[in-house]
There are 2 protein chains.
Amino acid sequence: MADIRDVAQRAGCSIATVSRALNSPQLVRPETLARVQAAAAELKFRPNALGRQLRGERTGLIGVMLPTLGNPVFADCLEGIEAAIDGTGRRLLLVTTQYDPERERNAIETLLQQRVDGLLLTLADAEHSALVDDLAAEGVACQLVYNDAPQRPCVSVDNRSAAAQGVAMLIEAGHRDIVMVTGALHASDRAKRRYLGYCDAMQAAGLTPLPAFEIDFNSGARGERVREWLAQRERDGARPTALFCSNDLLALGVMRALREAGLRVPDDMSVLGFDGLAVGELLSPTLATVVQPSVEIGRHAAQRLLAQIDGRDGRTGAATAPADASLGHALILPHEIRRGGTVAAPPRTKDRH
Amino acid sequence: MADIRDVAQRAGCSIATVSRALNSPQLVRPETLARVQAAAAELKFRPNALGRQLRGERTGLIGVMLPTLGNPVFADCLEGIEAAIDGTGRRLLLVTTQYDPERERNAIETLLQQRVDGLLLTLADAEHSALVDDLAAEGVACQLVYNDAPQRPCVSVDNRSAAAQGVAMLIEAGHRDIVMVTGALHASDRAKRRYLGYCDAMQAAGLTPLPAFEIDFNSGARGERVREWLAQRERDGARPTALFCSNDLLALGVMRALREAGLRVPDDMSVLGFDGLAVGELLSPTLATVVQPSVEIGRHAAQRLLAQIDGRDGRTGAATAPADASLGHALILPHEIRRGGTVAAPPRTKDRH
DNA sequence: ATGAAAGCGCTAACAG
DNA sequence: CTGTTAGCGCTTTCAT
């Protein structure tokens with residue numbers, strides 16, 4: 001593969017001139033420029049980004065770490081990120097972690113070794129993670145995505161109050177026996193906040209919050225577990241009339257389990273999701289859910305990261321203030337309650353108050 | 001940031017020894033090794049991958065180019081790719097093109113400049129693309145994903161016969177007036193092949209294939225267009241009883257338009273998709289579709305690419321045969337017909353034969 | 001406007 | 001087992 005030296009030779013100039021011709025054409029006499037371009041074309045010269053990156057200050061690489069792409073909420077967000085970097089000449093280095101903190105550590109280290117200019121991360125649990133502090137201490141440009149940690153650089157919705165509003169809607173519809181269904185609570189700061197929101201709404205209505213029904217995401221037999229749990233509740237005479245699922249994907253799985261258990265949604269059971277996946281609107285009945293603007297979350301996070309990166313031009317030492325202090329704190333985007341066919345009034349037979 | 005020289009100094013050895021300690025520990029005396037490791041840890045040494053990559057033969061980077069992540073079929077495939085490279089120490093450089101051939105060119109060039117070890121590509125139209133030939137001529141390791149081009153290195157299903165089987169199922173169910181709905185045919189080799197499959201099935205049943213209904217993917221008013229088209233067909237007394245949609249996402253959009261137009265699925269209109277998105281099974285009625293094993297497609301493509309890359313160890317010149325000639329041809333994975341609630345017998349009133 | 005030269009951080013001969 | 005050395009391909013002073 002032709003390198004810059006070959007081009008220089010063919011164009012009859014020095015490699016410095018070739019470099020200039022390619023990066024700052026205005027510094028080169030038009031005639032020389034033309035010769036260089038011709039030579040480069042003839043040799044099918046393809047600049048080696050590694051050489052430039054090793055030499056230069058920036059790589060133009062952005063590290064993106066997400067839990068999974070199996071949940072469209074993350075794919076959507078990635079679309080927003082892509083949209084934001086489009087045209088900036090930057091590229092994305094992508095890693096998924098399957099919500100595994102061990103993999104999170106490795107992935108970040110890997111991205112850093114590749115000398116990414118900045119990091120866009122969705123952590124399983126940002127609040128209990130020393131990782132972010134370490135990154136900040138090292139001066140790595142970084143924005144959290146979806147993680148909702150007030151004092152950190154992140155972009156998200158206010159999960160707690162969003163969840164509270166969703167649950168309030170269930171209560172308004174007449175439900176009193178509402179249970180939150182979620183993946184492992186300890187593994188996700190978002191789920192935890194949404195559970196707090198659930199509790200807020202219940203208490204505000206004078207109801208007693210119930211323990212969340214935690215269900216293993218990774219287990220294959222999810223439907224099975226849901227049915228068992230329902231049967232148990234049935235026996236206890238404590239079957240809820242509404243389920244608040246900590247995300248839409250889970251809601252879809254739960255609805256399937258309900259169907260298989262012979263329960264109709266919303267006649268026998270109301271279901272509320274969280275995320276606002278596009279597919280929810282295509283279902284019938286349509287999925288009621290708390291909508292977060294996923295694409296916008298991704299887009300804003302990327303934009304903030306770029307601003308953060310650009311704000312660091314040649315700064316050093318203690319005298320340096322961040323270009324914009326707001327980049328160091330949370331950006332909370334507005335959520336929205338999407339009413340849908342999966343929520344209705346509770347069945348009369350359950351109306352035991 | 002500490003570099004290898006700092007570590008060497010602190011460990012009291014040469015940089016070569018540090019390099020060895022890090023990459024081939026067995027070549028270093030345990031005692032020295034320990035000193036190096038200690039020094040590296042104390043200095044929080046983070047090897048610069050760029051240096052290594054510039055020096056070495058490989059970068060460990062895999063370039064992935066997909067049309068969009070908005071369609072889960074590609075996100076699924078990406079999951080398969082990730083699964084395949086997991087543990088190999090490779091990283092993914094991801095680009096999406098929005099089906100734009102111009103962006104495809106740029107993206108590939110960009111990935112090549114980053115010196116990726118290989119490319120995993122889904123092109124809008126692989127058959128009419130000189131790009132792939134150029135890549136092959138340059139000796140770039142590359143596998144096409146989803147593109148179904150018999151003579152090229154690719155992993156896909158047999159779109160033509162898969163579509164034919166799907167349509168045959170519609171015919172078996174009693175349909176004779178079947179129309180294929182698709183995005184711009186000229187923009188996708190898969191859609192074209194699926195249309196051929198549709199024609200095969202129609203002709204095999206003695207029916208006349210109808211022109212495809214092409215609908216712009218990017219237009220916002222998709223539902224609108226579908227309704228107009230339906231109304232037109234209605235006026236002509238030629239409303240089909242079944243629609244074969246070239247992909248599931250399109251099928252979902254079409255079903256929504258049908259619903260808005262007051263048509264019930266499957267009572268008034270049967271719908272068949274293509275892709276096998278997981279969400280299709282969660283709908284009610286469940287989406288009948290031609291299932292391609294998306295995750296497996298991604299996984300196999302990545303595995304073949306890795307084999308291709310590894311098969312190139314130090315080979316050169318004309319005396320070199322590919323490690324496995326099969327990597328240069330298509331790998332066709334089995335598809336599957338998923339029956340679903342969206343397909344039923346045609347309404348009696350349409351039974352005019 | 002152009003060239004010469006000094007590395008960016010690392011690996012891999014080649015010598016000991 | 002370890003050190004010395006020569007680059008990988010590029011950008012960027014510093015001269016001219």
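Every chain is numbered from 1, with letters handed out A, B, ... down the list of sequences.
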Listing time: all N or O pairs from protein to nucleotides 7-9 of chain D that are below 3.5 Å?
| residue | atom | partner | partner atom | Å |
| --- | --- | --- | --- | --- |
| D:dG7 | N2 | B:R55 | NE | 2.6 |
| D:dG7 | N3 | B:R55 | NE | 3.3 |
| D:dC8 | O2 | B:R55 | N | 3.3 |
| D:dG9 | N2 | A:G51 | O | 3.0 |

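Distances were taken from every side-chain heavy atom of A:S14 (C-beta onward) to each of C:dT11, C:dC14, C:dA4; the shortest belongs to C:dA4. For A:T32, taking side-chain heavy atoms from C-beta onward, the closest of the listed nucleotides C:dG3, C:dA1, C:dT11 is C:dA1.
Between A:S19 and the phosphate of D:dT12, there is no side-chain N or O to OP1/OP2 separation shorter than 4.0 Å.
In this entry the distance linking CG of B:L27 with P of C:dG16 reads 20 Å, nearest Å. For the pair B:N23 CG and C:dG9 P, the interatomic distance rounds to 17 Å; values are reported in whole Å. Rounded to a whole Å, the CG atom of B:L22 is 9 Å from the P atom of C:dC10. For the pair A:R35 CZ and C:dT2 P, the computed distance is 8 Å after rounding to whole Å. Taking atom CD1 on B:I15 and atom P on C:dG9, their separation rounds to 11 Å, with Å as the unit. Atom CD in B:E31 sits about 12 Å away from atom P in D:dC1, given to the nearest Å. Atoms CZ (A:R20) and P (C:dG3) sit 8 Å apart, rounded to a whole Å.
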A:D310/A:R90 under salt bridge (Lys or Arg N to Asp or Glu O under 4.0 Å): CA gap, chis, key distance, verdict: CA-CA 13 Å; A:D310 292 339; A:R90 283 168 164 110; 3.5 Å; yes

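Judged by distance alone, the side chain of B:T32 and the main-chain N or O of B:V28 form no donor-acceptor pair under 3.5 Å.
For B:C13 and A:V18, each mapped to the nucleotide of DNA chain D holding its nearest heavy atom, the one lying further toward the 5' end belongs to B:C13.
Each of A:D125, A:T122, A:D189 was compared with A:N147 under the side chain to side chain donor-acceptor pair (under 3.5 Å) criterion, and only A:D189 meets it.
Atom OG1 of B:T88 and atom CG of B:D86 lie 7.5 Å apart (nearest 0.5 Å).
Remark: B:E31 pairs with B:R29, B:R35 by the salt bridge (charged side-chain N to carboxylate O under 4.0 Å, His left out) rule, at least two apart or across chains.
No donor-acceptor contact under 3.5 angstrom links the side chains of B:R46 and A:Q113, judged on distance only. Side-chain contact, A:Q114 with A:T59: no donor N or O sits under 3.5 Å from an acceptor N or O.
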